[in-house]
Structure formats: C-alpha cells, structure tokens
2 protein chains.
Amino acid sequence: MARTVDPALHARRREAILGAAGRLFAEQGFEGTTVAQIASAAGVSSGSVFYYFDDKPAVFRAVFEQALPHNEALIARHQGTEEPFAAILDVVAGLAADADDPSASGMVVELLRRIGHDEQLGVVVERASQVVREGLAGLVARGIEAGTVDPELDPADTATWLENIVDAAYLGARPGHSPLPALRRTVARYLEPGRTERV
Amino acid sequence: MARTVDPALHARRREAILGAAGRLFAEQGFEGTTVAQIASAAGVSSGSVFYYFDDKPAVFRAVFEQALPHNEALIARHQGTEEPFAAILDVVAGLAADADDPSASGMVVELLRRIGHDEQLGVVVERASQVVREGLAGLVARGIEAGTVDPELDPADTATWLENIVDAAYLGARPGHSPLPALRRTVARYLEPGRTERV
DNA sequence: GTCTATATTTAGATAGAC
DNA sequence: GTCTATCTAAATATAGAC
C-alpha cells in the first residue's frame, strides 16, 4: 500500500506552516499575508505550501481546526459539575483566556470577517462554536434548575449572547490591561436572578 | 478665484460614491471590493473615483468620517440630563441602533480589522470614538455621584468596556433577532451598585 | 470633470527538475 | 516531497482624449 514515507515529519512540517500562518494572519490579515511570507517564515518553499494545502483559504481554515479539541475539553471539564453558575464563569474565562494577547485579538477579528467569505470556513467555525454553545446552554439550563440563574433567560439565546460577549473581550484587547475582570462581572451580573429589569 | 463649478453636484457625486462604497465594503470586505465595482454601483467611471479620492483606502476612511457628527449629536443630547443612568442606556442603544442590520455588522468587523492596517483610519476612528468615550465616562461619573452607578467602577475603563459591549451587539447580528434587549440588560446590570461580586 | 484605455505590480497557483 | 522558475489573472492607479 502506498503511504507517506515519514508521517511524523509530514505532520511536523504541516504544523510549522500552520504556526507561521497563524502568526502572520493575525498580524497582517488574510489578504495582507502572502503565501510566500508563510513559506519563508516556516522555512519551506512557496511550492511546498501548496503541496500541504489545496490553496490559501485552506491554510486559514486549518489554523482554526486546531481550536476544536480545545473547546471540547473546556466543555467536557464541567460536564458533571454541581455548580453550573461557577462553571459558566470558568468556561467563559477559558474562552477568553488569551484575550489580552493583541495577536489573538487580530485573529478573532480576521476570523469573524472571513466567515462571511469562505463557506467551508463557516462550517469549521460553526462546528467549534456549536460545542461551546450547546455546552453553555446546558449549564444555563442547569443553573436555572438550581436557582442560581435567572429563570427568565432562554438558555440557547443566552449561550449565543455569552459567546458574543467573549468576542467583545477580544476586541477590547489592550496591552497591559486584561478585560477578564470586566468580562467576569458582566457575565455574573447578566445571569443572576432577582433584578427589577426585564428582558 | 478658482472654484468648483457646481459644488452641489460635486457633493452629490461624492456621496453617491461613498454610499455605494459603504454597501460594498460591508458585504464584500475591503480587499474583496474593487474600485471598478464601486464606480459601477455609483454610476461613474473608475477614473472618476480617483478624481474624488486619493486612493482606495481614502474612500474607506471617508465612509467613517460621516459617523462623527452622528456620535456627537448622540452625546450632546444628554449633556444636561438629570438621569445619567437612563442616559447611558440611551446612548448605548443609539450606538447599537442598527446592530440588527447584518450589513452594519459586516462593516463594524471590517472597520476593526482595518484600523490596524491604515494609520490614518486609526486617527479618524479614534476621534469619533473619543467623543463617545468621554461622553460616556462623564455620564458614568455623574451616575456615581447620583448613587445610581456602582462607585467601584472607574469611569474611563467603564466607558471603554461599554463600547466593546456595543461591538458585541453588532457581532451578534442575526436576521429576525435584535440584540438590543440583551444589550440593555447587560449594561444596566453591569452598572448597578450593591452586588456582592467585586471587580 | 469625466471618460476610455492601459501600464504596472503583485500574488496565487502550477510545471517540471531533482 | 521539495525545490526553482514562471505563468496567469486581476486590480490599482495613471495618461491623455474629449
């Protein structure tokens, strides 16, 4: 059977390309980054990039496919929790973990923008986002049962809104100023029951 | 003295170009939009666009210079208010007014991304944003004095965070689902004094 | 002032040697 | 599998007619 001579080397090269691409895309944007730059930063030739990936958009998508396992782990960690309210805060903090890294901020913006332009990317991101959204929605529902989350909230809508708030934290990234405390306050107060306002 | 033959016509043409450009940039992004498309949509030739604007980035910047007066009016409206808390909610709602328009959402993302790439754009946006931020910070400070806003909040930081939350509302734009109620709840609860959590 | 036509540049993608 | 060299397409910006 035909097979790659050295799968490990193959994977290493592939990851070198993805690492370089991720950094460059975050700093310069998708269109602002050339395949030649990626190849150069990864220490391979321009032609090799097209051996590993079909085209430039495929490189961008692959960068985000790496995020999927991370998100799954984050949700799985809190599956059997007794404290859904605290679990939500922890998941949100995990999602926003590197929100104070300006390059992560650039990547998020670039991602949001390209979703509308690359249908296949939409599928990749939707898959990763769905894991988080369903996990959060489940935690919100359990928080409502436990009486620690406002029963007027719709779990699915709330999960989506929480994702948006996390994105906002990335947008507000400034060197030397972590948005995490404000994020935590925002989410905790949003969820709590027993306020006078109505949605 | 040399002067434009018909200033009114000149302005009309300029605005036709800006209108077309705004729509196309929002839908297709900056790089995804060609000057030829803008010209065609505005009913002029490609060459004419370069008569009205120095280059393509200048067209993009001009689209946002239009936002400055709108923001100023929004802040000015609440200058002498007796109810700073309500005023903040109103300003935020005004900023997010067209957050449920998907094309506005695309434009915000595109804007955030291009700020890092076009220094002059950064200046334009910073000017518009500063008006809002200072206005909001003033209202937060007055709310603290009035006892309706949590005194533990820093007015300047809070104003910045509120701007980020508004951006989140744009990101969450989905047809048939306005993010405004969630935004209102988020902001109101974030500001209120007398919770157990600490920032 | 506005057009048409085009020069210039650049980058994605491929062909074929090794 | 990886390289070098190159082809091709596209889009910005300009030159010059009207």
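The chains referred to below are lettered A, B, ... by the order of the sequence lines, with proteins before strands, and numbering in each begins at 1. Any value given below was found using the heavy atoms of this structure, including those in side chains, with hydrogens, waters and symmetry copies removed. What you are looking at is a predicted structure, and each value in this text was computed from that prediction instead of being measured.
- For A:T33, the side-chain contact (heavy atoms from CB on, under 4.5 Å) partners are A:L24, A:F25, A:Q28, A:Q37, A:I38, not counting sequence neighbours.
- In this structure, the CD1 atom of B:I38 is 12 Å from the P atom of D:dA11, given to the nearest Å.
- Residues satisfying the side-chain contact (heavy atoms from CB on, under 4.5 Å) criterion with A:V44, sequence neighbours excluded, are A:R13, A:I17, A:A39, A:A42, A:S48, A:V49.
- Side-chain rings of A:F30 and A:H117 stay apart, their centers remaining 6.0 Å or farther from each other.
- Dashed line: the shortest gap from a side-chain N or O of B:S45 to OP1 or OP2 of C:dC3 is under 4.0 Å.
- For A:E83, the side-chain contact (heavy atoms from CB on, under 4.5 Å) test picks out A:T81, A:A86, with sequence neighbours left out.
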Report summary line: Reading nucleotides 12-18 of chain C from 5' to 3' and marking B where a protein heavy atom lies under 4.0 Å of the base, S where only the sugar-phosphate is that close, and - otherwise, the string is SBB----
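- Straight-line distance from the CZ atom of B:R12 to the C1' atom of C:dG1: 15 Å, rounded to whole Å.
- B:F53 meets the ring-ring contact (aromatic ring centres under 6.0 Å, His included) test with no other residue; sequence neighbours excluded.
- A:D6 places its CG atom 9 Å from the P atom of D:dG1, with the value rounded to the nearest Å.
- Residue contacts shown for A:F53 are absent, as no nucleic acid heavy atom lies under 4.0 Å away.
- Applying the salt bridge (Lys or Arg N to Asp or Glu O under 4.0 Å) rule to B:D98 yields no partners; only residues at least two apart in sequence or on another chain are considered.
- One finds no side-chain N or O of A:Y51 lying less than 4.0 angstrom from the OP1 or OP2 phosphate oxygen of D:dC3.
- Rounded to whole Å, atom P of D:dA11 lies 7 Å from atom CD of B:Q37.
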